[in-house]
Amino acid sequence: MNYEDVMNLAQRRGYLIRSAEAYPNTPAGFWDYGPLGVSLRNRYVEMWRKSIVKRDEMIEIDAAQIMPRSVFEASGHISNFTDPVVVCGKCRSLYRPDKLIEEKLGRATPENLPDAKYDELLKEHGIRCAKCGTPLSGTKRFNMMFKVGVGPQGDEAYLRPETCQGIFADIPFLFKTQRVKLPKGFAQVGKSFRNEIAPRQGVLRLREILQAEIEVCFDPGATATPRFDVAADYELSIAKGDVEPVPTRVSDAISAGTVPNKLVGYYLYLIQSFYEDAVGLKKEEIRLRTLTDVEKAFYSKVAYDLEVRTSVGWLELVACNYRSDYDLKRHSEVSGTDYTVEVDGRKVLPHIFELSMGVDRSLYVILERAYRSEKDAKGGDRVYLSLRPGLAPILAGVFPLVSKDGLDVEAERIYEELRADYDLFYDESGSIGRRYARADEAGVPFCVTVDQDTLTKGEVTVRSRDDRAQVRVKTDELGDWLEAKLVSG
RNA sequence: GCGGCCGUGAUCUAGUGGUCAGGAUUGGGGCUUCCCAAGCCUCCUGCGCGGGUUCGAAUCCCGCCGGCCGCACCA
């Protein structure tokens, strides 16, 4: 199992489609979800909603993707979501001037000096292109936000680079109307846009990504959380750096200072256990990597990346950031709106802890882990997706063993009867083995086959994808049987 | 963005200047009526895009787009 096999299957079976492939000049970094992909994604997001959003009584919103420049002035993205770059005038090599100066001087150089200052420093220290020796000059800014013009005057606005800015922009309204008591989680699923310099590796590095985010607002003076007890003895897979995770009880991690407080500990438990329980990953396949100061985003005080072991190495799926009061303070200042919440008669500006999940990457991980390739009886490859029933886009195929003697009529009747309640597909073309194989590759967990005995005894054969085992089920109990599989899986 | 390699139906691939671009798998239709991609018949879909060289380009050259790898970047 590797990246290419997974992406090949995903594209062949309608999980993923390269966006606008028919047009040769379509830029990289954009992918479409095909029919099976949409369904998988919907199920995955619903699982997240159930396991995290609803369980923790969070408030979910869906904000606009385009917001005015001022929002991103407040968020810091106008000035901080940019990198200074300098291009060699001769060979077009691209450099980060701050990194070059840092290297030369051996001390940290801020990445937010005026552009002219970089040119000055480059000149002063005689820094030249490493490739062709040409002196470097002409520093400019590359902002990774997509700029859009709104209305006939093209008013300056941007596609949000992270979904949370929509939550932050709405929070004063939500505080007022939703009778919010701290701590409170705010959730959102939606697209974010980042103009990556060089997107690569399919859905692992996109310019348009789907995020499922939680922003927890809390009183920094009261970081206890009502549900902490269930998390206290849970073992987090903590990794201090690029190392194997070490199982660490939440309460121990807090005493050791690895985790700043109970609230952060609780939410780390929530997100890691989601990947264990809902996605089916083992503790040693997950790590919460603590980020160093240089790795952290500009708004982040303490940061953990939830990473998962994959065929392409550890892959970051969730950014867990303690953003302190950075965001609400800035939005309050720039917008002039009161962002405080009343707690016991005091006005409190909440702090934020965020769990920012990359949905596309999570789905890739699910597909990669489900991918199975085995030799079949005749020495051919049997490829199937071992998706659990709760996640599989299609729960079962309904097939007449042969399309004669009324078997097709009965199979269609069964299909029609159940298809409103379960995701099924009907197929009578090709041999029964071919139909099983087709279903296997699409990740369909069960195939229901109607044979002669179905007509006389009222029983169908249900064949399982993973072990190819067959059981007989009473036709009129088939709905309950499928329901049970759906609930338990 | 730089360097290297690469780009033929949905997938894998043959084709290195000249007959209608060939095959396999998949997919559609039909026959067969069958419990793990059986067999037979049949059909659809392709040279990434643009320009150049040439009597003639999938093939040679240039540019662009895309892919993979390395560097850089990565909230």
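We name chains A, B, ... by the order of the sequence lines, and we start the count at 1 in each one. Because only heavy atoms are used, hydrogens play no part in the values below, and waters and symmetry mates are left out as well, while side chains stay in.
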query: Counting side-chain heavy atoms from CB outward, which of B/C69, B/C34, B/C36 is closest to A/Q201?
result: B/C69
task: Taking only the side-chain heavy atoms of A/R12 (C-beta and beyond), determine which of B/U11, B/G28, B/C68 contains the nearest atom.
output: B/U11
A/K457, NZ atom: more than 12 neighbouring heavy atoms under 6.0 Å: no
field: Check: B/C68 base within 3.5 Å donor-acceptor of A/R200 side chain
entry: no
statement: A/E162 CD to B/C74 P, in whole Å, measures 15 Å
- prompt: Does B/C40 have a Watson-Crick or wobble mate here (both distances under 3.5 Å), and if so which one?
  reply: B/G30
message: Can you check the distance between B/C35 and B/C49, where both ends of the measurement are the C1' atom (answer in whole Å)?
response: 49 Å
query: Looking across every strand, which nucleic acid part, if any, lies under 4.0 Å from A/Y299 by heavy atom: base, sugar-phosphate, or nothing?
result: sugar-phosphate
message: Taking the minimum atom-to-atom distance to the side chain of A/V402, which one of B/C68, B/C34, B/C74 wins?
response: B/C34
message: When you measure from the side-chain N and O atoms of A/R434 to the phosphate of B/G27, is any distance below 4.0 Å, counting only OP1 and OP2?
response: yes
message: Is the ring pair A/F168/A/H331 parallel, tilted or perpendicular, if the boundaries are 30 and 60 degrees?
response: tilted
message: Once hydrogens and angles are ignored, does a donor-acceptor distance under 3.5 Å link the base of B/C35 to the side chain of A/Q470?
response: yes
query: Looking at residues at least two apart in the chain, or sitting in another chain, which of them share a side-chain contact (heavy atoms from CB on, under 4.5 Å) with A/N143?
result: A/F81, A/T82, A/M145
task: To the nearest Å, give me how far apart CH2 (A/W31) and P (B/G67) are.
output: 8 Å
- request: Grab the CG-C1' distance between A/D408 and B/C34 for me, whole Å please.
  value: 14 Å
message: Ignoring hydrogens and geometry beyond distance, is the side chain of A/T461 in donor-acceptor contact with the base of B/C35 at under 3.5 Å?
response: yes
- prompt: Is there a donor N/O on one and an acceptor N/O on the other, under 3.5 Å, for the side chain of A/D440 and the base of B/C36?
  reply: no
field: salt bridge (charged side-chain N to carboxylate O under 4.0 Å, His left out) assessment of A/D408 paired with A/R413
entry: CA-CA 8 Å; A/D408 47 349; A/R413 188 194 65 78; over 6 Å; no
message: Looking at B/C73, which nucleotide sits across from it as a Watson-Crick or G-U wobble partner, both distances under 3.5 angstrom, or is there none?
response: none
task: Identify which nucleotide among B/C34, B/G66, B/C35 has an atom closest to any side-chain atom of A/P27, counting heavy atoms from C-beta outward.
output: B/G66
- prompt: With a cut-off of 6.0 Å (strictly less than), are more than 12 heavy atoms of other residues, nucleotides or ligands near CD of A/E4?
  reply: no
query: Who is the Watson-Crick or G-U wobble partner of B/G18, with both distances under 3.5 Å?
result: B/C55
query: Between B/C35, B/U33, B/C34, which one does the side chain of A/S403 approach most closely?
result: B/U33
A/D405 or A/T26, whichever maps to the more 5' nucleotide of RNA chain B: A/D405
query: Should A/R438 be listed as having a side-chain N or O under 4.0 Å from OP1 or OP2 of B/G27?
result: yes
- prompt: To the nearest Å, how far apart are A/D427 CG and B/G29 C1'?
  reply: 14 Å
message: Tell me if the side-chain of A/Y23 makes a donor-acceptor pair with the base of B/C65, cut-off 3.5 Å, by modelled atom types.
response: no
field: Inter-nucleotide C1' distance (B/A14, B/U33), Å rounded
entry: 37 Å
- prompt: How do A/E4 and A/E196 order along RNA chain B: which one's closest nucleotide is nearer the 5' end?
  reply: A/E4
task: Determine the Euclidean distance between corresponding P atoms of B/C41 and B/U54; express it in Å to zero decimal places.
output: 48 Å
- prompt: Considering only the C1' atoms, how many Å lie between B/G17 and B/G52, rounded to the nearest integer?
  reply: 15 Å
field: Nearest-Å distance once atom P is located in both B/C6 and B/C74
entry: 31 Å
- line: In whole angstroms, the gap separating C1' of B/C35 from CZ of A/R465 amounts to 18 Å
message: Would you say the rings of A/Y364 and A/Y3 are close, in the sense that their centroids are separated by under 6.0 Å?
response: yes
task: Could you tell me whether A/S192 contacts a base, only the sugar-phosphate backbone, or nothing, with contacts defined as non-hydrogen atoms closer than 4.0 Å?
output: nothing
field: Separation of atom CD1 in A/I17 from atom P in B/U11, rounded to whole Å
entry: 12 Å
Interatomic distance, A/E459 CD vs B/C35 C1' [rounded to whole Å]: 15 Å
- prompt: What nucleic acid atoms does A/L401 come within less than 4.0 Å of, heavy atoms only: base, sugar-phosphate, or nothing?
  reply: base
task: Rounded to whole angstrom, note down the P distance from B/C5 over to B/C43.
output: 42 Å
Residue-phosphate contact under 4.0 Å: A/N8 side-chain N/O, B/C12 OP1/OP2: yes
- line: Among the nucleotides B/C35, B/C68, B/C74, whichever has the atom closest to the side chain of A/Y3 is B/C68
task: Could you check which nucleotide pairs with B/G66 in any of the strands shown, counting Watson-Crick or G-U wobble with both distances under 3.5 Å?
output: B/C6
- request: Spell out yes or no: do the side chain of A/R205 and the base of B/C73 have one donor N/O and one acceptor N/O closer than 3.5 Å?
  value: yes
message: With rounding to the closest Å, how many angstrom separate the C1' atoms on B/G46 and B/A58?
response: 11 Å
Check: residues 59-69 of chain A side-chain donor-acceptor pairs under 3.5 Å, at least two apart:
from: A/E60; atom 1: OE1; to: A/R49; atom 2: NE; distance (Å): 2.8
from: A/E60; atom 1: OE2; to: A/R49; atom 2: NE; distance (Å): 3.3
from: A/E60; atom 1: OE2; to: A/R49; atom 2: NH2; distance (Å): 2.7
from: A/R69; atom 1: NE; to: A/E73; atom 2: OE2; distance (Å): 2.6
from: A/R69; atom 1: NH1; to: A/E156; atom 2: OE2; distance (Å): 2.6

d(CE, A/M7; P, B/C68) in whole Å: 9 Å
message: Any salt bridge linking A/R205 with A/E196? Criterion: basic side-chain nitrogen under 4.0 Å from a carboxylate oxygen.
response: yes
B/U8 and B/U59, which share atom name C1', separated by this distance in whole Å: 11 Å
